[in-house]
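Worksheet: one structure, shown below.
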Amino acid sequence: MPIVEASAGIVRAATELQAGRLVAFPTETVYGLGADATNGRAVAQIFEAKGRPRFNPLIVHVADRAAAELIARFTAKARRLAEAFWPGPLTLVLPRRPEARISELVSAGLDSIAIRVPAHPVAQALLRAAGLPVAAPSANVSGHVSPTTARHVEADLGAKAAMILDGGPTELGLESTVLDATGERIVMLRPGATTREAIEAVLGEPVGGGGRSTETGVADADVPPAQLRSPGQLESHYAPRARVRLGATDLRPGEVLLAFGTPFPGAEEELANLSPSGDLIEAAANLFAALRRLDATGAETIAVMPIPESGLGEAINDRLRRAAAGR
Ligand code: TXA
Ligand code: MG
């Protein structure tokens, strides 16, 4: 049984994260399933463990704002929110720094990144001991409720985490509030443990999203509803400029190849290979970076070799199908 009492397990848990394995840990909101955010294969394992049929972007957890500033750019408003609510149950979606070493899979290929500084002492100790940004969704199987005890995590994910740090029941039991803080207007993407009223009190202005504002009491006209902006729910994912042709068994004029496994003869040039050995975890880790690289060649069409629907193949194919339908 991989449940370990937290104070006895921090050092080993940090080592597991550094080695690219998954660690479940308590935060003040719910338990998270963590992986080294700079390691694409480790992040891919999160999606496999949760059985998510889609690559929703994940929240990166860091120990303090200084660590967050290395990953994302803060506007003055974003900085004010961070100063008021971190550490605590608030997630800020911010423009991702291009030089940040975070895996593209964490943000599902988007140019933005969701970051939070958890307040729980075990989460803080783990982040400091690991010295890594940790990508972590709630530690439940996709579609189940978020876990608030180590036992819930074990029941849902069992042996899929190398370790479950037991820090007792979580204090809040409700996920963090997610704010889009990329622009001048702050928009709520997901209501959560930090209230709209508290956020508006800090900003001194209403927050968009959620279909209402405390100032007007009516739906905002100038911003799309939250679900149109949150890639977790809808289709605002990174979309390649090039056309995407799926199930390719040949290469046609104007095409570059996105291979999986052994490429067919004559297609060795200008290709990216998601996984030469046909490993779906490796393929998931490479997907978004490979799409960007091929898109940047200026080719008209990206031809994608067939990818099995099993395991992570379902999420990979879901993403590719939406890219193919996108234009
Ligand atoms: O309290 C919490 O936030 C917990 C603990 C473990 O920290 N985590 C959590 O993660 O609830 P998850 O993966 O279950 O939810 C992340 C939310 C999703 O709604 C996702 O769409 C949104 O954050 N999100 C992540 N990155 C985003 C981005 N770049 N743009 C917009 N939304 C993003
Ligand atoms: Mg969740």
Side-chain angles (χ1 to χ4, degrees), residues 17 20 22 33-50 52-62 67-68 70-73 91-116 132-137 178 180 182 189 229-232 234-242 244 256-260 270-276 279-299 302 304-305 307 311-324 326:
L17 286 174
L22 304 183
L33 181 64
D36 173 0
T38 68
N39 179 337
R41 292 187 63 109
V43 175
Q45 285 175 54
I46 290 179
F47 290 98
E48 179 167 83
K50 287 189 58 110
R52 271 194 185 177
R54 288 189 168 194
F55 294 124
N56 294 335
L58 305 176
I59 297 169
V60 175
H61 298 67
V62 292
L70 298 175
I71 297 169
R73 282 187 286 108
T91 296
L92 297 176
V93 174
L94 299 165
R96 180 188 163 116
R97 286 192 190 278
E99 70 275 19
R101 294 182 313 112
I102 306 293
S103 157
E104 297 246 17
L105 188 56
V106 171
S107 50
L110 295 168
D111 294 326
S112 61
I113 187 108
I115 309 188
R116 108 173 173 89
L132 292 167
V134 171
V178 181
D180 179 346
T182 53
L189 300 177
R229 299 171 56 107
S230 180
L234 263 187
E235 328 288 284
S236 54
H237 284 278
Y238 165 72
R241 174 205 47 80
V244 174
V256 284
L257 182 67
L258 183 55
F260 177 79
E270 288 226 273
L271 65 77
N273 200 325
L274 291 175
S275 171
D279 172 0
L280 288 166
I281 290 184
E282 183 181 20
N286 290 332
L287 178 63
F288 292 102
L291 279 175
R292 277 184 190 269
R293 195 159 70 245
L294 291 183
D295 212 11
T297 65
I302 300 171
V304 186
M305 283 175 65
I307 295 164
L312 278 180
E314 189 184 356
I316 294 171
N317 282 315
D318 166 72
R319 186 65 198 81
L320 288 168
R321 273 192 293 271
R322 284 186 291 141

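What you are looking at is a predicted structure, and each value in this text was computed from that prediction instead of being measured.
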* Asked: Are Asp279 and Arg41 close enough that some pair of their side-chain heavy atoms sits under 4.5 Å apart?
  -> yes
* To do: Specify the closest pair of heavy atoms between Ser112 and Ser107, including all atoms of both residues, with the distance to one decimal.
  => O-CB, 3.2 Å
* side-chain contact (heavy atoms from CB on, under 4.5 Å) between Ile113 and Ile71, intermediate numbers included -> CA-CA 8 Å; Ile113 187 108; Ile71 297 169; 4.1 Å; yes
* Who passes salt bridge (charged side-chain N to carboxylate O under 4.0 Å, His left out) against Glu282, sequence neighbours left out? -> none
* Can you find a pair of side-chain heavy atoms, one from Pro137 and one from Lys50, that are under 4.5 Å apart? -> yes
* Heavy-atom pair of closest approach, residues Leu110 and Arg96 -> O-CD, 3.9 Å
* Does Arg97 CZ have over 12 foreign heavy atoms under 6.0 Å away? -> yes
* Enter the distance from Leu271:CG to Arg293:CZ here, rounded to the nearest 0.5 Å. => 9.0 Å
* Flag the pair Phe55 / Leu287 as yes when at least one side-chain heavy-atom distance between them is below 4.5 Å, and no otherwise. => yes
* Asked: So how far is it from Leu92 CG to Asp180 CG, rounded to the nearest 0.5 Å?
  -> 10.0 Å
* **Check: Val134 main-chain N/O paired with His61 side-chain donor or acceptor under 3.5 Å** => yes
* Spacing of CG belonging to Leu320 relative to CD1 belonging to Ile316, to within rounding of 0.5 Å -> 7.5 Å
* Asked: Distance from Ile302 atom CD1 to Thr297 atom OG1, nearest 0.5 Å?
  -> 7.0 Å
* Check whether any side-chain heavy atom of Leu58 lies under 4.5 Å from a side-chain heavy atom of Phe47, and answer yes or no. => yes
* **Atom pair CG/CD of Leu22 and Gln45 - distance to nearest 0.5 Å** => 5.0 Å
* Asked: Name the one of Val62, Thr91, Ile102 that satisfies side chain to side chain contact (heavy atoms under 4.5 Å, CB included) with Ile115?
  -> Val62
* What do the steps show when you test Leu280 against Ile307 for side-chain contact (heavy atoms from CB on, under 4.5 Å), and what is the final call? -> CA-CA 9 Å; Leu280 288 166; Ile307 295 164; 3.8 Å; yes
* Asked: Distance from Arg54 atom CZ to Glu314 atom CD, nearest 0.5 Å?
  -> 10.0 Å
* Structure fact -> Minimal heavy-atom distance between Ala272 and Ala290, with the atoms involved, is CB-CB, 4.0 Å
* Heavy atoms, side chains only, cut-off 4.5 Å: are Leu312 and Ile281 in contact? -> yes
* Where do Gly20 and Asn39 come nearest, in terms of heavy atoms and distance? -> CA-ND2, 3.7 Å
* Which atom pair, heavy atoms only, marks the closest approach of Phe260 to Ala283? -> CE1-CB, 3.8 Å
* Is a side-chain N or O of Asn273 found less than 3.5 angstrom from the main chain of Leu258, in a donor-acceptor match? -> no
* Asked: Between Arg292 and Asp111, is there a side-chain N and carboxylate O pair less than 4.0 Å apart?
  -> yes
* Asked: Taking all atoms of both residues into account, what is the closest heavy-atom pair of Gly34 and Ala136, and its distance?
  -> CA-CB, 3.9 Å
* To do: Output yes when Asp295 and Arg241 qualify as a salt bridge under the 4.0 Å nitrogen-oxygen rule, no when they do not.
  => yes
* Is any NZ, NE, NH1 or NH2 atom of the basic residue among Arg101 and Asp36 found under 4.0 Å from an Asp or Glu carboxylate oxygen of the other? -> no
* With a 4.5 Å limit on heavy-atom distance, are the side chains of Ser103 and Thr38 in contact? -> no
